[in-house]
J.: 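I'd like to ask you about the structure that follows.
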Amino acid sequence: MPRPFTLFTGQWADLPFEEVAKLASGWGYDGLEIAVSGDHLDAWRWDEPGYVDAKLEILDKYNLKVWAISNHLKGQAVCDDPIDFRHQAIVGAKVWGDGDPEGVRQRAAEEMKHTARLAKALGVDTVVGFTGSSIWQYVAMFPPVPEKVIDAGYQDFADRWNPILDVFEENGVRFAHEVHPSEIAYDYWTTVRTLEAIGHREAFGLNWDPSHMMWQGIDPVSFIWDFKDRIYHVDCKDTKIRQTGRNTVLGSHLAWGDPRRGWDFVSAGRGDVPWEASFRALAAIGYDGPISVEWEDAGMDRLHGAPEALAALKNFDFPASRTSFDAAFNQG
């Protein structure tokens, strides 16, 4: 069977949930990866009578399904240090509270537990999101950072996320962490260490999003193979690399879409992600879950881009047998 294509609603949270559902259905999407953001989902209302049924009725009205939900923004605050104005802008009033950093972390952790309960209520077994990190601030490793500080960062992650993952397990739900700069796992070796830190428990896996790998120089195809037992979800976003010697990998504190950046997110199919090789690798590891379009492109109208990206990605999701990794790797 072909894999379902969904639209991630995080970039559409300024619109009412039903309006996004109507748009996605009209464009030909099979479902939504619903973000806990805007009026799309509120994790604190997971057990409110009628709340979940109302969301499912909207999906049914537009012939859409849901295979995964996401809560990136609150997950970010679970481990982050420092907690500051950036978090106040994204976590909402309930989690922000009085702004005391440890209070924000604790309330964010509680919301992630509620997100697992909400997923179960929706009939969903996967939650996509971020973890945050107390040690991302030391990524440059200068001024010098003792090894014990990095060790403590992974322990902090384990201490904060194991109780959350206990609730995920109780509800039969998995967490798919998006490997991403600013998180505890942001590249290959930090992903290895993150899995080690929590004892490789099955409740914690990965959301494969190649856009963040491309500008770091990570091979997104090899990543699929190396972590084949942990690919719990797929988000598709594209990246265009424009490193010129002046335009560099760190982005120069320039806004998205600025031509002086060394890379930028673009509509899927217009960047440098090797989509065919990636889809072949996903087939090779037996991934049959949703393909979610996380649409982002500062230079394009999203009402044009979202249906275009769906068409572009469907072109690569042709029926195929389980090919070997070698065959997948050798496809451009």
J.: Check for me, please, whether Val124 and Val173 land in the same ILVMFWY cluster - side-chain distances under 4.5 Å, paths through other members count.
T.: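 Val124 clusters together with Val173.
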J.: Quick one: do the His200 and Glu196 side chains pair a donor with an acceptor below 3.5 Å?
T.: no
J.: With distance as the sole test, does Arg261 use its side chain to make a donor-acceptor pair with the main-chain N or O of Leu254 at under 3.5 Å?
T.: yes
J.: Between the main-chain N or O of Ala176 and the side-chain N or O of Asn207, is there a donor-acceptor pair closer than 3.5 Å?
T.: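 Checked: no pair found.
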J.: Between Tyr188 and Phe227, is the gap from one ring center to the other below 6.0 Å?
T.: yes
J.: Is Val36 close to Ser70 at the side-chain level, that is, under 4.5 Å between some pair of heavy atoms?
T.: no
J.: Closer than 4.0 angstrom, basic N to acidic O: yes or no for Arg201 and Glu169?
T.: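 Counted as a salt bridge, because a side-chain N and a carboxylate O are separated by less than 4.0 Å.
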J.: For residues Val104 and Trp161: do they belong to one hydrophobic cluster (side chain heavy atoms under 4.5 Å, members Ile, Leu, Val, Met, Phe, Trp, Tyr)?
T.: no
J.: Do the side-chain N and O atoms of Trp256 and Asp297 include a donor-acceptor pair separated by under 3.5 angstrom?
T.: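 No pair is found: no donor N or O on one side chain lies under 3.5 Å from an acceptor on the other.
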J.: Can you tell me how the ring of Phe130 sits relative to the ring of His180, calling it parallel under 30°, perpendicular over 60° and tilted otherwise?
T.: tilted
J.: What is the minimum heavy-atom distance between Ser222 and Asp219, and which atoms define it?
T.: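 That would be OG-OD2, 2.6 Å.
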J.: Is it the case that the side chains of His212 and Glu178 hold a donor-acceptor pair, with the cut-off being a distance below 3.5 Å and no angle test?
T.: yes
J.: Ring-plane angle category for Trp12 and Trp295, please: parallel below 30°, perpendicular beyond 60°, tilted otherwise.
T.: tilted
J.: Among Thr131, Val128, Thr126, whose side-chain contact (heavy atoms from CB on, under 4.5 Å) with Phe175 holds?
T.: Thr131
J.: Are Glu102 and Gln106 close enough that a side-chain donor and a side-chain acceptor fall under 3.5 Å?
T.: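 A donor-acceptor contact under 3.5 Å links the two side chains.
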J.: Between His177 and Glu183, does any side-chain donor sit less than 3.5 Å from a side-chain acceptor?
T.: no
J.: Give the minimum heavy-atom separation between Lys55 and Leu41, together with the two atoms involved.
T.: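 Heavy atoms of Lys55 and Leu41 come nearest at CG-CD2, 4.1 Å.
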J.: Is Val95 linked to Met112 within one hydrophobic cluster, defined over Ile, Leu, Val, Met, Phe, Trp and Tyr using a side-chain heavy-atom separation of less than 4.5 Å?
T.: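 They do not share one cluster, since no chain of ILVMFWY contacts under 4.5 Å joins Val95 to Met112.
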J.: Please tabulate, for side-chain N and O atoms in residues 17-28, each donor-acceptor pair with protein atoms closer than 3.5 Å (sequence neighbours left out).
T.:
unit_1, atom_1, unit_2, atom_2, d
Glu18, OE2, Lys61, NZ, 2.7
Glu18, OE2, Tyr62, OH, 2.9
Ser25, OG, Tyr62, O, 2.8

J.: Hey, quick one: are Tyr186 and Phe223 part of the same hydrophobic cluster, counting side-chain heavy atoms closer than 4.5 Å, chains of contacts allowed?
T.: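 Not linked; separate clusters.
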J.: If Ile, Leu, Val, Met, Phe, Trp and Tyr residues are connected whenever their side-chain heavy atoms lie under 4.5 Å apart, and connections chain through other members, are Val266 and Trp263 in the same group?
T.: no
J.: Would you check if there is a donor-acceptor pair between the side chains of His40 and Thr9 at a distance under 3.5 Å?
T.: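 Looking only at side-chain atoms, His40 and Thr9 do form a donor-acceptor pair, the distance falling under 3.5 Å.
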J.: Answer yes if the ring centres of Phe8 and His72 are under 6.0 angstrom apart, and no otherwise.
T.: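 For Phe8 and His72, the ring centres are under 6.0 Å apart.
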J.: Please tell me whether Trp44 and Glu111 have a donor and an acceptor in their side chains that are separated by less than 3.5 angstrom.
T.: yes
J.: Search all heavy atoms of Trp96 against all heavy atoms of Ile83 and return the closest pair with its distance.
T.: CZ3-CG2, 3.7 Å
J.: For Gln243 and Asn247, which I'm curious about, is there any donor-acceptor pair between the side chains at under 3.5 Å?
T.: no
J.: With sequence neighbours excluded, tell me which residues meet ring pair (Phe, Tyr, Trp, His ring centres under 6.0 Å) with Tyr154.
T.: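 Tyr154: no ring pair (Phe, Tyr, Trp, His ring centres under 6.0 Å) contacts found.
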J.: Ignoring hydrogens and angles, state whether a donor on the side chain of Asp151 or Gln155 is under 3.5 Å from an acceptor on the partner side chain.
T.: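 Judged by distance alone, the side chains do not pair up.
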